[in-house]
Structures are given as structure tokens and as C-alpha cells.
Amino acid sequence: MSLHKFSSTISIRQLDEMKTRGEKIACLTAYDASLAALLEHAGIDVVLVGDSLGMVIQGHATTLPVTMDSMVYHMRCVANGCSKPMLIADMPFMSYSSPEQAIANAARLMQEGGAHMVKLEGGVRQVGIVEALCANDIPVCAHLGLQPQAVHKLGGFRTQGRDEQSASKMLDTAQALQAAGADMLLLECVPSGLAARITDSVEIPVIGIGAGVNVDGQVLVLQD
């Protein structure tokens with residue numbers, strides 16, 4: 001569905017309806033107003049201001065050096081450039097280690113940056129954080145699979161959920177995050193069969209990046 005059919009910013013409800021209809025959701029990253037305006041003109045449904053900016057904009061080897069100030073700055077730039085897509089902001093490394101910290105930093109991304117939703121990496125350990133954010137009316141996209149902020153713990157940028165034990169754990173975690181109030185789920189570098197199972201098992205939209213075609217939508221890093 002192209003954005004000209006919407007009279008205002010795309011809402012969570014409209015994305016839910018797209019999933020129900022089997023209509024694919026298009027998502028790309030942006031980090032500045034000019035590209036954000038082009039993505040809106042192209043009819044992109046969701047724009048992600050990812051901490052990937054640390055690698056493709058700032059030139060770091062990982063996303064770990066990205067700060068809250070950087071995320072707020074680039075989020076504000078993107079919000080200034082478009083008005084129709086849903087805008088999602090990544091919460092950078094160590095910006096959500098406690099519910100109180102997560103709420104304060106998410107509030108910054110929304111109030112100062114203009115984000116409509118925040119995205120955080122992590123599995124079961126983040127269920128409490130998601131609950132806290134949602135209890136404060138902060139929309140959340142949970143991120144499973146390859147988690148770039150945990151690159152050193154994972155031992156590199158590798159596909160996740162390749163064996164049945166880890167696949168079952170990821171499926172259970174996805175359902176737990178939905179139950180905690182997550183409004184969307186992103187799966188990165190996950191086998192296509194597992195991504196399809198997770199997509200079918202939850203009611204919220206599932207966006208894939210390197211997770212096959214059997215998800216509700218795709219996201220790519222524009223510079224990539």
C-alpha cells in the first residue's frame with residue numbers, strides 16, 4: 001500500500017491491518033532529512049533510524065560507539081524530513097539496562113527526536129524492559145536474531161537460530177515479547193523457515209532483515 005492512501009502518519013493499527021491482509025510492509029533506514037523525504041516520496045511505510053549509523057555514517061566497525069545524543073540528533077533530522085511513514089528509533093548500546101533508564105531514554109527519542117516507536121535488542125532478558133516501556137505508552141519494536149550490540153558476545157555477525165534448540169527458544173521469546181506488549185518484531189539473520197514460524201505464531205507485524213520472504217515486511221540499510 002502506498003502512503004498516499006494515508007492522510008496522516010501510518011499508525012500501529014494500520015500496520016497490524018497490513019499484516020492481516022497479507023500486504024507487505026516496506027521499511028528502509030534513513031539518517032538525514034533529505035533521504036527521509038525521498039523515502040516518503042517513494043511510499044515507504046516505515047523509516048528506521050538505526051544505530052547502524054555508527055557504521056555507515058560515522059565509520060565505526062560496530063554500532064557500539066553510538067550515543068543517545070547521536071540517535072536523538074539523527075532522529076530529529078529524519079523527523080524534519082518526512083511526516084507520513086512510521087518512524088522507529090534504535091535505542092543504542094547500554095541505553096536500556098534498567099526500566100528507569102529505558103523509559104528516560106525512550107522519552108528523549110520521542111520528545112526530542114520525534115520517534116513514534118523505539119527498537120531494542122535482546123531476548124527474554126528484555127521482557128521486563130518492554131513491559132515497563134509499554135506501561136508508559138511507549139510503542140516498542142523488539143529485535144531478535146543477530147543483535148549487533150552483542151557482536152562481541154556472539155563472536156561476530158552470524159546467523160542465529162540454526163539448530164532446533166535455539167530456534168525453539170527464539171520462538172518462545174518472540175511470543176513472550178508480544179505478551180509483554182511489543183508492537184512489532186524485527187528478525188535479523190534468521191533462517192527463513194524459523195522466521196516463517198515466528199511470523200505465523202504472533203499477531204504483531206514481523207519485519208525481516210536477512211530472514212527470508214515469509215515475514216510481514218522487509219527492512220534494509222539504505223547505504224548497504
Side-chain angles (χ1 to χ4, degrees), residues 11-12 15-16 27 29 46-54 62-72 74-75 86-154 160-161 166-190 195 198-199 201-209 211 215-216 219:
S11 67
I12 294 170
L15 295 177
D16 288 342
C27 177
T29 62
V46 177
V47 173
L48 170 65
V49 182
D51 60 359
S52 49
L53 68 88
T62 71
T63 64
L64 301 184
V66 178
T67 65
M68 271 300 302
D69 286 344
S70 289
M71 288 306 306
V72 170
H74 286 279
M75 184 68 251
M86 171 169 284
L87 303 180
I88 303 178
D90 264 341
M91 299 194 71
F93 180 62
M94 292 303 294
S95 67
Y96 48 99
S97 59
S98 70
E100 295 77 16
Q101 183 191 35
I103 291 167
N105 284 326
R108 282 195 66 195
L109 289 168
M110 297 180 75
Q111 292 179 318
E112 300 175 39
H116 305 135
M117 181 183 290
V118 299
K119 180 171 75 65
L120 52 83
E121 298 178 13
V124 172
R125 68 184 185 279
Q126 300 301 351
V127 168
I129 301 293
V130 172
E131 288 177 338
L133 290 170
C134 294
N136 284 273
D137 299 322
I138 298 171
V140 176
C141 175
H143 181 153
L144 293 177
L146 172 61
Q147 298 162 32
Q149 292 175 13
V151 60
H152 298 310
K153 184 73 171 177
L154 295 174
Q160 303 296 306
S166 60
S168 295
K169 181 178 179 180
M170 196 181 302
L171 178 62
D172 291 343
T173 300
Q175 294 170 344
L177 288 165
Q178 176 180 254
D183 301 284
M184 188 180 293
L185 182 64
L186 187 143
L187 299 177
E188 181 170 359
C189 290
V190 172
I198 291 174
T199 301
S201 75
V202 296
E203 297 178 0
I204 57 178
V206 177
I207 307 298
I209 178 169
V215 289
D216 301 310
V219 61

Donor-acceptor pairs under 3.5 angstrom involving side-chain atoms of residues 118-128: please list them, not counting sequence neighbours.
| from | atom 1 | to | atom 2 | distance (Å) |
| --- | --- | --- | --- | --- |
| Lys119 | NZ | Asp90 | OD1 | 2.6 |
| Lys119 | NZ | His143 | ND1 | 2.8 |
| Glu121 | OE1 | Gln149 | N | 2.9 |

Item to check | Working for side-chain contact (heavy atoms from CB on, under 4.5 Å), residues Met71 and Leu53 | outcome: CA-CA 9 Å; Met71 288 306 306; Leu53 68 88; 3.7 Å; yes

Checklist outcome for this item: With sequence neighbours left out, the residues meeting salt bridge (charged side-chain N to carboxylate O under 4.0 Å, His left out) with Asp183 are none

Next on the checklist: Please report the interatomic distance CE(Met91) to CG(Asn105), rounded to the nearest 0.5 Å.
Outcome noted: 5.0 Å

Item to check | Nearest heavy-atom neighbours spanning Met170 and Gly145 | outcome: CE-CA, 3.9 Å

Checklist entry - How long is the span from the OG1 atom in Thr29 to the CD1 atom in Ile88, to the nearest 0.5 Å? => result 12.0 Å

Next on the checklist: Applying side-chain contact (heavy atoms from CB on, under 4.5 Å) to Val72 and Leu109, what does each step give before you reach the verdict?
Outcome noted: CA-CA 6 Å; Val72 170; Leu109 289 168; 4.0 Å; yes

Item to check | Interatomic spacing from CD1 in Ile103 to SG in Cys134 - rounded to 0.5 Å | outcome: 10.5 Å

Checklist outcome for this item: Smallest heavy-atom separation, Ala174 atom then Ile198 atom, equals CB-CG2, 3.7 Å

Next on the checklist: Quick check: closest heavy atoms across Met86 and Ser11, and the distance to 0.1 Å?
Outcome noted: CE-C, 3.7 Å

Next on the checklist: Please find the pair of heavy atoms, one from Gln178 and one from Ile204, that lie closest to each other, and give the distance.
Outcome noted: OE1-N, 3.2 Å

Item to check | Residue list, salt bridge (charged side-chain N to carboxylate O under 4.0 Å, His left out) with Asp69, at least two apart or on another chain | outcome: Arg108

Item to check | Nearest atoms (heavy-atom pairs only) where Ala115 meets Met75 | outcome: CB-SD, 3.7 Å

Checklist entry - If you take all heavy atoms of Pro92 and Val66, which pair is closest and at what distance? => result CB-O, 3.5 Å

Checklist entry - So, do Val190 and Leu144 sit near enough that their side-chain heavy atoms are less than 4.5 Å apart? => result no

Next on the checklist: As a quick check of understanding, evaluate side-chain contact (heavy atoms from CB on, under 4.5 Å) for Ile207 and Val46, giving each step before the final call.
Outcome noted: CA-CA 10 Å; Ile207 307 298; Val46 177; 6.0 Å; no

Item to check | Leu87 vs Val49 side-chain heavy atoms within contact, under 4.5 Å | outcome: no

Item to check | Any Pro139 side-chain heavy atom under 4.5 Å of Met184 side chain | outcome: no

Next on the checklist: Would you compute the distance between atom CD1 of Ile129 and atom CD1 of Ile138 and round it to the nearest 0.5 angstrom?
Outcome noted: 11.0 Å

